[in-house]
There are 2 protein chains.
Amino acid sequence: MTLRDGAPVRLAVSTVIFALRPDHAGHPVLWTPLVRRTREPQRGLWALPGGWLPPNEALEAAAARTLRSTTGLAPNYLEQLYTFGEVDRSPDERVVSVVYWALVQSDEAAQATVGPNVRWVPADTMPELAFDHNRIVEYALWRLRTKVEYAELAHAFLGATFTLAELREVYEIVLQRRLDPANFRRTMLASGRLLETGERASGAPHRPPKIYRYETTTAAAQTREPFMRERPAS
Amino acid sequence: MTLRDGAPVRLAVSTVIFALRPDHAGHPVLWTPLVRRTREPQRGLWALPGGWLPPNEALEAAAARTLRSTTGLAPNYLEQLYTFGEVDRSPDERVVSVVYWALVQSDEAAQATVGPNVRWVPADTMPELAFDHNRIVEYALWRLRTKVEYAELAHAFLGATFTLAELREVYEIVLQRRLDPANFRRTMLASGRLLETGERASGAPHRPPKIYRYETTTAAAQTREPFMRERPAS
DNA sequence: GCAAAAGTGTTATCGCTACACCCATGC
DNA sequence: GCATGGGTGTAGCGATAACACTTTTGC
């Protein structure tokens, strides 16, 4: 590639967004929203939502804004994934992309914005994307699957309240294997981060399950990285 | 802070470099090289080695070059740590820093470059650094300590060959606790990544220990992040 | 009653920790 | 021999996996 002399390095922020939605057969799987590129280079190809970093906006704020304008949703979980900076990622220009990954709530995601230039696709059957975005999505998927053990991730797909079966289903979809209901229950309860709401979900032809809420108040953020102050969201 | 209109975001690459060197009492601990800032802002303060990203250089290459010019050494381990991008990290300008962390070999580090503007300090007694670099070092230390379990990290501090006692000492320094020699031996050997060289180290008033070499050839990079090729795992 | 999922109990197994003990060397 | 760390054996403990079993609902 050739660079104009004195051309600066440009800095972009992109976000890999995950939500659980039913596939064609009705089984929930991971989905990701993409946006169509409306200008060169790679015009017409699908790409991760993102844009140039504005001079007055923090990285994470830019990722959250991107996410909101693409999906209409607020992230339940937002974390920096990696910064991609090979010289030839984009033709003509040198672009460094700080990439975030986010989880959004499934039921809300079902009614998320769509349009001719926004499209949700199953995360494991991505079409050909612009630039190196296929590689980025694969890496984000890997991080999601290895990190879901750290528990609060699964909760980010759900609403404020949920049953243990719903929580287990999230784990099963992300990890792509079945989990023993009995052992899952004990492991989750032993973590001490689930609070009973006192309610039960009725209507199904079986014993009504207890409804839980996630522990948010106390010193729950133990497995998270320190970073001395706050964090994005949990 | 005020930003000039149209002022671009500037992109820097910095590196937190770790090596094991003896402290004043002769016990090896983690050390980090710092460089003195020779221009504004924050002139005179110590800071992480780094610089602006050249338009034709990949991020990791820039980190490796920085490391070489600061220490005269080549990294045994080099990995992206995090990208820091708050709006007010630097006065006057908007600077986003892609930070790498590196491990260099201890015996070589002992004879590393020094000068009036380069200084090694113990990693847990950092002086006040420029910008947000103290926070960055703390985060790098945390990553080192949590990730050393993934094994090849400890090896990066040592030379090509080493005894199990030397390897264990690295772990003990990084983790800041004693490890049971018997259990450490079994765990390491069970990992399958240590190869006997057939040699032994003699000279000490006790049974001469076997000398090992680290497995580099085969599919050893299993715990490393995938980056598209092979398997997620772990 | 029946089906289905919630929820409980029990056992086997694996991995890790603690610690006792033997081995080979320099002096 | 003695001291010192290299190296081996093994019992206990805690976490997890597997799976049998009981409970409570809708129909």
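Below, chain A is the first sequence line, B the second, and so on; all start at residue 1. Here the structure is a predicted model, which is why all the values come from computation and not from measurement.
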Say whether, by atom type as modelled, one donor and one acceptor occur between the side chain of [X] and the main chain of [Y] under 3.5 angstrom.
| X | Y | answer |
| --- | --- | --- |
| B:W31 | B:R21 | yes |
| A:S202 | A:P208 | no |
| A:N134 | A:P127 | yes |
| B:E172 | B:L179 | yes |

Exercise for review: Work out which heavy atom in A:P28 is nearest to a heavy atom in A:E169; give both atom names and the distance.
Suggested key: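 Between these two residues, the closest heavy atoms are CG-OE2, 3.4 Å.
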Length of the [atom1]-[atom2] vector between [X] and [N], whole Å:
| X | N | atom1 | atom2 | result |
| --- | --- | --- | --- | --- |
| A:E196 | C:dA6 | CD | P | 15 Å |
| A:I211 | C:dA6 | CD1 | C1' | 13 Å |
| A:E199 | C:dA6 | CD | P | 17 Å |
| B:R200 | C:dC23 | CZ | C1' | 10 Å |
| A:K210 | C:dA5 | NZ | C1' | 15 Å |
| B:R177 | C:dC16 | CZ | P | 12 Å |
| B:R186 | C:dA18 | CZ | C1' | 10 Å |
| B:M188 | C:dG15 | CE | P | 15 Å |

**Study point:** Closest listed nucleotide, where the reference is the side chain of A:P209 and the choices are C:dA6, C:dA24, C:dG9
**Key:** C:dA6
**Study point:** Given C:dA4, C:dT8, C:dC19, the nucleotide with the shortest approach to the side chain of A:H206
**Key:**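 Looking only at side-chain atoms, A:H206 lies closest to C:dA4.
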Review point. Quick one: do the A:R135 and A:Y139 side chains pair a donor with an acceptor below 3.5 Å?
Key: no
**Study point:** Plane angle bin for A:Y214 and A:H155 - parallel if under 30°, tilted between 30 and 60°, otherwise perpendicular
**Key:**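 If you compare the ring of A:H155 with that of A:Y214, the planes turn out parallel.
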Exercise for review: Would you kindly compare A:P205 and A:A182 by the position of their nearest DNA chain C nucleotide and give the one closer to the 5′ end?
Suggested key: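 Taking each residue's closest nucleotide, the earlier one in sequence belongs to A:P205.
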**Study point:** Contact interval (first through last nucleotide) of DNA chain D with protein chain B, 4.0 Å heavy-atom
**Key:** D:dA3 to D:dT10
Check your understanding: Of B:E166 and A:G203, whose nearest nucleotide on DNA chain D comes first from the 5' end?
Key ->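 Final value for this comparison: B:E166.
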